[in-house]
Number of protein chains: 2
Amino acid sequence: MTSLRDVAKRAQVAVSTVSAALNGTRPVAAETKTRIERAAAELGYRPNLLARGLVSKRTRILALLFPAPHSGFGLTEMQFATGAAEAAGELGYHLMLSPENTDPVKELRYLTGLGLIDGVLLMEVRLDDERTAFLTEAGVPFSMIGRTRDPGSTSYADIDFARTAQDAVAHVAGLGHRTLAFLNHSSNAYSPQYGPTIRTGEEFAAAARRAGIDYVGGLHADSAQEGRRAFDRLVDERPDVTALAVMNDHAAVGVLAAVAARGWRIPQDLTLMLVLSSARVAEMFHPRLTTLEPPSSELGRLGVRMLIDRLQSGDDTPHQRLVPCRLVVGDSSGPPPATPGERGGRAGGPAGATAGDRTGDRDERTGDLARDRTGDRAGHPARDRTGDETGA
Amino acid sequence: MTSLRDVAKRAQVAVSTVSAALNGTRPVAAETKTRIERAAAELGYRPNLLARGLVSKRTRILALLFPAPHSGFGLTEMQFATGAAEAAGELGYHLMLSPENTDPVKELRYLTGLGLIDGVLLMEVRLDDERTAFLTEAGVPFSMIGRTRDPGSTSYADIDFARTAQDAVAHVAGLGHRTLAFLNHSSNAYSPQYGPTIRTGEEFAAAARRAGIDYVGGLHADSAQEGRRAFDRLVDERPDVTALAVMNDHAAVGVLAAVAARGWRIPQDLTLMLVLSSARVAEMFHPRLTTLEPPSSELGRLGVRMLIDRLQSGDDTPHQRLVPCRLVVGDSSGPPPATPGERGGRAGGPAGATAGDRTGDRDERTGDLARDRTGDRAGHPARDRTGDETGA
DNA sequence: TTGAAAGCGCTAACAG
DNA sequence: CTGTTAGCGCTTTCAA
C-alpha cells in the first residue's frame with residue numbers, strides 16, 4: 001500500500017502538499033502539482049478511505065437497509081438495490097447491503113454507531129415506520145424508497161400511485177370499459193402498514209370515481225387459490241365487471257385459471273392487468289398481461305441521489321419525488337364484450353375453443369415490450385423512464 | 001460519538017486497558033473488566049470501525065461484485081446477494097455491493113486499493129474469468145459463486161450440475177420416459193463463457209447416457225418465439241421425445257404455447273421441466289412446472305462463509321463446494337404417453353378439451369411447493385437445503 | 001495486571 | 001505557495 005508519504009517523498013514535497021494537490025483543497029503551483037500527480041501515478045497511489053474517513057468524518061459509504069426476504073420479496077425489491085448501487089457508484093459512493101433483523105432500530109443504532117456510513121437508505125417503508133423517527137432523532141441523513149403516512153420533511157422517492165391508478169383507469173376507460181374491479185393483496189400479506197397495498201387501493205377507487213367508472217374494491221388475494229375464489233365471487237356478485245386489475249402475481253395465476261374454467265377468453269371477455277409487477281413477470285402469462293410496471297430501479301437511483309445531494313450540500317431541505325408506473329400494454333387488454341351477461345360457457349361446461357385456441361393462434365412477439373400505449377381518453381402521451389435528475 | 005477515551009475516563013483506567021478488556025486481547029482483571037464493560041454500556045460505546053481498520057488493516061467489509069443487470073438478471077442472481085449479505089451479517093461482517101462497469105479488472109484494482117475491503121466475492125463467473133487472475137496476483141482474498149473452467153486452488157460455491165442433471169434424468173426415467181430433450185440457452189444469451197449454460201448441457205447429456213436414456217441436445221432458445229420454434233422443430237425431427245427440460249423461462253412460455261397449439265396436454269402428452277429456475281417462477285405457469293431450483297441463497301451464504309473462514313484462519317487452502325438444485329415436482333411431470341406418435345390433435349385443429357379442460361379441472365394447491373419427490377429409480381432420498389456449514 | 005506512548009494514513013489548521 | 005504540526009480513534013509494543 002503506497003501512502004501519501006511515499007508520494008511526497010518521490011515528489012520532493014510535504015505530505016500536506018500532496019494531499020492538497022490531489023484534492024484541490026488549496027492552491028498548488030502548477031509545476032508542483034504535475035510533479036505530484038506524476039509521482040502518484042507512477043506509484044499507483046490510492047487514497048486510503050479509512051484514514052481519510054477517520055479525520056474527515058465522511059466515508060462516502062451509504063447503507064441500504066433491506067428487509068429479510070420474507071414472503072413477497074421479488075424482482076421489484078431487488079431492483080431498488082441494483083439501481084441504488086449503480087447510482088452510488090456513479091457518484092463516487094459505495095453501497096452497503098444491511099439485512100434487517102428482527103429489531104430494525106437496534107440494527108440501525110449499531111450500524112450508525114460504527115462511524116462507517118454517511119447515510120442510510122430505507123426501503124419497505126411502512127406507513128408508520130419507526131425507523132424514520134430514530135434516524136431523525138439521531139441526526140443521521142437518510143432517504144426512503146417509499147414513504148410514511150405523513151412524510152413531513154423527510155426525503156423519499158416513491159411510486160406515484162395516484163397517477164398510476166389514473167393511467168390504469170384511463171387505459172380501460174379508453175377501451176370502453178365502464179366497470180373496473182381491483183384485486184388487492186390481503187392486508188396482512190405484507191405488513192398491515194404496507195404503503196403500496198393501501199395507497200394503490202385508495203387511488204384506484206379515487207381515479208375510477210373521477211373518471212366516472214364503476215369501481216369494485218374490497219377484494220383480496222395472495223395466492224392462486226385465493227385469486228381463483230375471489231374471481232368467482234366477483235363474477236357472481238358483479239357480472240357486469242369487464243376489467244380487472246390484480247396486485248399479486250400469484251393471485252393472477254388463480255384468476256386466469258378461473259377465467260379459463262368459465263370458458264372465458266382474455267381479452268375478449270375480460271381485460272386483465274397486473275399492477276406493480278414487472279414486465280418480465282407479465283410476460284410469463286398467457287396471454288401476456290398488460291402491466292403497470294413499477295420504476296424500481298429508478299426509485300433506487302433517486303433515493304441515493306437525493307441522499308448524496310443532501311450529504312454534499314449540507315442543506316437538508318427534503319427531496320420528495322413520485323414516479324408513476326409505466327403502463328406496458330400486453331395482450332390482455334381489449335374492449336369490453338358487447339353483452340357481459342352472456343360471456344363464454346360456464347364452469348365445467350364445453351371448454352372447446354377456449355384456452356386451446358387462445359394459445360394456439362396467439363401471435364408470438366419478441367421483446368417489443370416497451371410500447372407505451374395509454375388509453376385514448378387519458379390524454380397524456382407515451383412516457384418513458386424520465387429524468388435521472390434529483391430535482392427538488 | 002463516544003470514544004475509547006470516554007470509556008477509559010469513566011472507568012478510571014487507560015485506553016489501552018479498555019481496548020484490551022473489550023477485545024479480550026490480553027488478560028484484564030475481572031473486576032476492572034466489569035467496570036469497563038459497565039462504563040462502555042452506560043455510554044453506549046461503539047468501536048469506530050475506521051480507526052480500528054486503519055491500524056489493524058482489517059475492516060470486516062466484503063465486496064460483492066455484481067454484474068450490470070443485463071438481459072438475464074433475475075431473482076436467482078439477486079438471491080446470491082441476499083444470502084451473502086445475511087451470512088456476512090451473522091458473522092459480524094458487512095457486504096458492499098459493487099456494480100461492475102465495463103472494465104471489471106480496473107474496477108477491482110480501484111476497489112481493493114481503497115483499503116476498505118478485506119475480501120471479494122465474485123459472481124457471474126465465466127469459464128475463463130480474468131478477475132480471478134488479478135485477485136490472485138494482487139493477493140486479495142476472494143471466493144466465487146460459480147467457478148472457472150479450471151478452478152485450481154480457488155475457493156468457490158457452485159451448483160452441482162452433474163448431480164442436478166442426474167436427478168432430473170432420474171426423475172423422468174422413474175416416470176418411465178425413455179427419451180429426454182434439453183432446450184438450452186443460446187450460447188450468446190449470456191457470455192459465451194457462461195458456466196451454467198455449458199455445464200448443464202454437458203451434464204444432461206452425460207447423465208442421460210449413464211441412465212441409458214435417449215438424449216436430444218443441441219437445442220437453444222432465449223425467447224418465447226425461439227422456444228416455440230425450437231419445440232416445433234424438435235417434435236418434427238424427434239416425435240419420440242416425451243420429456244423436455246428447458247433452461248430459460250421465456251423459452252418455456254413459447255414451448256407451452258406450441259404444446260397447446262398442437263392440442264397436446266401436459267403432463268399427459270409431454271413432461272416438461274424447468275431447469276435452474278426458481279419455484280416462484282415455475283408457479284406462474286399452467287400447469288405449475290416441475291423445477292430444478294438453484295440453491296441461490298445458499299450459494300451466496302457459502303461463498304461468504306468460505307471467504308470469511310479464509311480471512312480469519314489465514315489459511316488459504318481452498319474451499320470448494322457444489323450444491324445440487326432442488327427438484328420441486330409440479331404438475332407437469334407424468335408418465336410418457338403410451339403411443340407418442342398419436343398425441344393430441346395437430347396445429348390449428350380441433351382444440352377442444354385441451355387447455356380449457358386442463359386449467360378447468362386443475363386442482364389449485366396453496367403453497368406446498370417443498371414436496372421433494374425424486375424419481376423412484378434415482379435411489380436417493382428427498383433432500384432439503386442441507387447444511388450451512390462451510391466444510392472444506 | 002496496567003499505563004504510557006507510538007503510529008496507522010490522512011486532513012486541516014497554522015506558520016513560514 | 002508550501003512545510004510543520006496536531007490530531008481523528010484505535011491497536012500494539014514496551015515499561016512499570
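Chain A is the first sequence line, chain B the second, and so forth, proteins listed ahead of strands; every chain is numbered from 1.
By the 6.0 Å contact criterion, CZ on B/R58 is enclosed, its count of non-hydrogen atoms from other residues, nucleotides or ligands being greater than 12.
Here the OG atom belonging to B/S153 is positioned 7.5 Å from the CG atom belonging to B/D316, to the nearest 0.5 angstrom. Taking OG1 from B/T76 and CG from B/L299, the interatomic distance works out to 10.0 Å, rounded to the nearest 0.5 Å. Within the model, atoms CD1 of A/I145 and CZ of A/R321 stand 13.5 Å from one another, a figure rounded to the nearest 0.5 Å. Taken to the nearest 0.5 Å, the CG atom of A/L95 stands 10.5 Å off from the CD1 atom of A/I117. How far CD1 of B/I61 is from CG of B/L49: 7.0 Å, rounded to the nearest 0.5 Å.
Remark: B/R60 pairs with no residue by the salt bridge (charged side-chain N to carboxylate O under 4.0 Å, His left out) rule, at least two apart or across chains.
Protein chain A contacts DNA chain D from D/dC1 to D/dG9, reading 5' to 3' and using non-hydrogen atoms of the protein with a distance under 4.0 Å.
Summarising the geometry, the separation between NZ on B/K33 and C1' on C/dT1 is reported as 13 Å, rounded to the nearest angstrom.
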Report task. Take B/H94 and A/L114, measure what side-chain contact (heavy atoms from CB on, under 4.5 Å) needs, and give me the verdict at the end. Result -> CA-CA 11 Å; B/H94 299 274; A/L114 259 22; 3.6 Å; yes
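For residues 104-119 of chain A, the set of pairs meeting the side chain to side chain donor-acceptor pair (under 3.5 Å) definition, not counting sequence neighbours, comprises A/T59-A/D118, A/N101-A/E107.
Using a 4.0 Å cutoff on non-hydrogen atoms, the parts of residues 3-22 of chain B near DNA chain D are B/S3, B/L4, B/S16, B/S19, ordered by number. Listed by residue number, A/L54, A/V55, A/K57 are the residues of residues 45-58 of chain A with a heavy-atom contact under 4.0 Å to DNA chain D.
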Just list the side-chain donor-acceptor pairs under 3.5 Å for residues 22-31 of chain A, sequence neighbours left out, or say none.
| residue | atom | partner | partner atom | Å |
| --- | --- | --- | --- | --- |
| A/N23 | OD1 | A/R52 | NH2 | 3.3 |
| A/N23 | ND2 | A/S19 | O | 2.9 |
| A/N23 | ND2 | A/S19 | OG | 3.4 |

